[in-house]
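Worksheet for the structure shown next.
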Amino acid sequence: MAKTLKFGFIGCGGIAQVHASNTQKIENMEVIGWCDIVKEKADNFLKRFGGEYATADAQQIFNDPNIDAVMIQTGEAHHPTLGIQAAKAGKHIFIEKPIARTLEEAAPLVEAVNEAGVKFQLGFCFEYSPTIERAKQMMRET
């Protein structure tokens with residue numbers, strides 16, 4: 001039986017709603033922590049999608065030993081710093097695009113991921129988007 005990977009979300013804005021909805025369709029994935037600098041946004045995600053807690057402090061997500069990985073979607077200005085913190089905490093990382101504003105900002109993140117040996121994915125995932133779901137349905141019908 002496959003292990004259920006437990007995630008923390010950092011950033012509960014617009015694109016996070018898409019990713020949160022997608023997580024509901026992925027076997028062996030569970031979001032247990034929600035984080036946003038506006039705590040009410042994290043609270044709303046907790047109510048809507050379930051989990052264990054909401055916080056305004058990303059460090060709580062990084063310190064949580066029950067969290068295997070993080071999904072970071074805060075805006076490219078914060079992606080490198082949060083990604084580095086996640087890597088240093090030993091968390092696997094999904095970051096919404098872009099990972100940084102410049103190559104110079106991205107380089108330390110890449111280094112931290114390589115040093116920590118964690119998995120890293122950039123946010124190009126449309127597999128569960130309504131458009132792709134409809135295309136899959138249409139392909140089955142033909």
Side-chain angles (χ1 to χ4, degrees), residues 1-140:
M1 178 178 203
K3 175 186 175 188
T4 295
L5 293 176
K6 297 186 179 184
F7 280 76
F9 260 57
I10 302 174
C12 296
I15 194 65
Q17 292 181 44
V18 173
H19 293 310
S21 292
N22 289 346
T23 65
Q24 309 270 301
K25 301 171 185 174
I26 300 172
E27 290 184 38
N28 302 317
M29 180 179 186
E30 178 184 0
V31 180
I32 62 171
W34 304 94
C35 177
D36 197 282
I37 58 171
V38 178
K39 173 98 171 12
E40 293 76 24
K41 288 183 177 183
D43 290 334
N44 289 337
F45 271 64
L46 178 61
K47 287 178 197 167
R48 183 172 173 197
F49 298 105
E52 296 178 9
Y53 64 90
T55 183
D57 182 9
Q59 197 60 49
Q60 184 176 350
I61 299 287
F62 299 137
N63 291 342
D64 188 332
N66 295 314
I67 291 179
D68 303 301
V70 295
M71 296 186 73
I72 300 171
Q73 53 263 322
T74 58
E76 66 271 11
H78 304 289
H79 287 174
T81 302
L82 291 168
I84 290 167
Q85 289 175 302
K88 288 182 177 180
K91 309 296 183 195
H92 302 294
I93 304 164
F94 171 97
I95 289 186
E96 181 56 44
K97 61 190 177 316
I99 65 170
R101 294 175 293 192
T102 66
L103 288 173
E104 290 76 20
E105 288 180 354
L109 171 56
V110 172
E111 185 177 320
V113 165
N114 289 335
E115 284 179 11
V118 296
K119 305 281 186 213
F120 176 88
Q121 180 178 345
L122 180 60
F124 285 103
C125 59
F126 296 107
E127 181 176 352
Y128 299 103
S129 73
T131 304
I132 299 302
E133 289 290 327
R134 179 67 181 127
K136 289 178 188 176
Q137 181 182 355
M138 290 172 66
M139 289 171 59
R140 285 190 293 268

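All values below come from the heavy atoms of this structure, side chains included, with hydrogens, waters and symmetry mates left out. Quantities reported herein were computed from a predicted structural model and do not represent experimental measurements.
A heavy-atom distance below 4.5 Å is found between the side chains of Arg48 and Gln17. Asn44 places none of its side-chain heavy atoms less than 4.5 Å from the side chain of Cys12. Residues Lys3 and Asp68 are in side-chain contact: their nearest non-hydrogen atoms beyond the backbone lie under 4.5 Å apart. Within the 4.5 Å cutoff, the side chain of Leu5 has no heavy atoms near those of the His92 side chain. Counting only heavy atoms from C-beta outward, the side chains of Ile95 and Leu109 approach each other to under 4.5 Å.
Residues Gly83 and Ile93 come closest through the heavy atom pair O-CD1, 3.4 Å. The minimum heavy-atom distance linking Glu104 with Pro108 is given by the pair O-CD, 3.2 Å. Pro80 and Ala77 get closest at one heavy-atom pair: CD-O, 4.2 Å. The heavy-atom pair separating Phe62 from Ala89 by the smallest distance is O-CB, 3.6 Å. Shown here for Ile67 and Gly8, the closest heavy-atom pair between the two residues is CG2-N, 3.7 Å.
Of the possible donor and acceptor atoms, one in the side chain of Trp34 sits under 3.5 Å from a partner among the backbone N and O of Gly50. The closest donor-acceptor contact from the side chain of His79 to the backbone of Glu96 lies under 3.5 Å. The main-chain N or O of Lys41 is never found under 3.5 Å from a side-chain atom of Asp36 such that the two would form a donor-acceptor pair. The main-chain N or O of Gly11 is found under 3.5 Å from a side-chain atom of Gln73 such that the two form a donor-acceptor pair.
Remark: Ile61 CD1 to Gln59 CD distance equals 10.5 Å, nearest 0.5 Å. Separation of atoms NZ (Lys91) and CD1 (Ile10) is listed at 10.0 Å; rounding is to 0.5 Å. A distance of 10.5 Å separates OG1 of Thr102 from CD of Glu76, quoted to the nearest 0.5 Å. In this structure, CZ on Arg134 lies 12.5 Å from CE on Met139, to the nearest 0.5 angstrom. Atoms SG and OH, on Cys35 and Tyr53 in that order, are 8.5 Å from each other to the nearest 0.5 Å. Within the model, atoms OG1 of Thr55 and CG of Leu46 stand 11.0 Å from one another, a figure rounded to the nearest 0.5 Å.
A perpendicular orientation is assigned to the rings of His19 and Phe94, their planes being inclined by more than 60° (bins at 30° and 60°).
Side chains of Glu30 and Thr4: a donor-acceptor N/O pair is absent below 3.5 angstrom, by distance only.
Checked for salt-bridge contact, Lys6 and Asp64 miss the test: no charged N lies under 4.0 Å from a carboxylate O.
For the side-chain contact (heavy atoms from CB on, under 4.5 Å) test, residues two or more places apart in sequence or in another chain that qualify with Thr81 are Gln85.
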